[in-house]
Amino acid sequence: MAESAIAAIQRQQIEIAIGELLLTSDFYMRQSTTERIRHLISHADHSLDIHKFSEVAQDELRELNLLPDN
């Protein structure tokens with residue numbers, strides 16, 4: 001199944017949030033950003049293709065236990 005336009009936008013939003021996460025060292029900011037990423041993923045379109053995330057984003061999502069370790 002092809003990724004929808006809305007899923008592509010949602011993937012970009014998740015990538016941006018991951019970038020924000022990587023740029024901060026403040027515990028509370030990281031916690032807040034992690035919760036925002038969880039929320040974005042949980043409400044993402046069903047056609048979201050996790051394989052289209054950048055390698056850095058996939059690694060970070062795995063570290064946060066939001067992607068499987070395949």
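Note that the numbering runs from 1 along the sequence shown for the chain.
- L22 approaches E60 most closely through the heavy-atom pair CD2-OE1, 3.3 Å.
- Here the side chains of L67 and I41 are not in contact, with every heavy-atom distance at 4.5 Å or above.
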Problem - Criterion side-chain contact (heavy atoms from CB on, under 4.5 Å) on I9 and D45, from CA distance to verdict - result: CA-CA 10 Å; I9 292 168; D45 188 77; over 6 Å; no

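- To the nearest 0.5 angstrom, S4 atom OG is 7.0 Å from H46 atom NE2.
- At least one donor-acceptor pair closer than 3.5 Å links the side chain of S42 to the backbone N or O of R38.
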Exercise for the section: Take L61 and I50 through the test side-chain contact (heavy atoms from CB on, under 4.5 Å) and record every step on the way to the result. Expected result: CA-CA 10 Å; L61 289 170; I50 62 173; over 6 Å; no

Practice task
Test side-chain contact (heavy atoms from CB on, under 4.5 Å) on Q10 and L40 and set out the steps.
Solution key: CA-CA 7 Å; Q10 291 170 326; L40 288 168; over 6 Å; no

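- Residues L48 and R11 come closest through the heavy atom pair CD1-CB, 3.5 Å.
- Counting non-hydrogen atoms of other residues, nucleotides and ligands closer than 6.0 Å to CD of E35 gives a total above 12.
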Exercise for the section: Would you sort out whether E20 and R36 count as a side-chain contact (heavy atoms from CB on, under 4.5 Å), showing the intermediate values? Expected result: CA-CA 11 Å; E20 293 172 12; R36 184 162 37 109; 2.3 Å; yes

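- Clustering ILVMFWY residues whenever any of their side-chain heavy atoms sit less than 4.5 angstrom apart, transitively, puts L66 in the very cluster that holds V56.
- Connectivity analysis of hydrophobic side chains (ILVMFWY, heavy atoms under 4.5 Å, direct or indirect) links L23 to nothing; its cluster partners are none.
- For the residue pair D26 / T24, no side-chain donor-acceptor distance below 3.5 Å is found, with atom types taken as modelled.
- In this structure D49 satisfies the salt bridge (charged side-chain N to carboxylate O under 4.0 Å, His left out) test with no other residue, sequence neighbours excluded.
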Donor-acceptor pairs are to be reported for all side-chain atoms of residues 12-19 against protein atoms at under 3.5 Å, with residues two or more places apart or in another chain.
from, atom 1, to, atom 2, distance (Å)
E15, OE1, S54, OG, 3.1
E15, OE2, S54, N, 2.7

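- How far CZ of F27 is from OG1 of T34: 9.0 Å, rounded to the nearest 0.5 Å.
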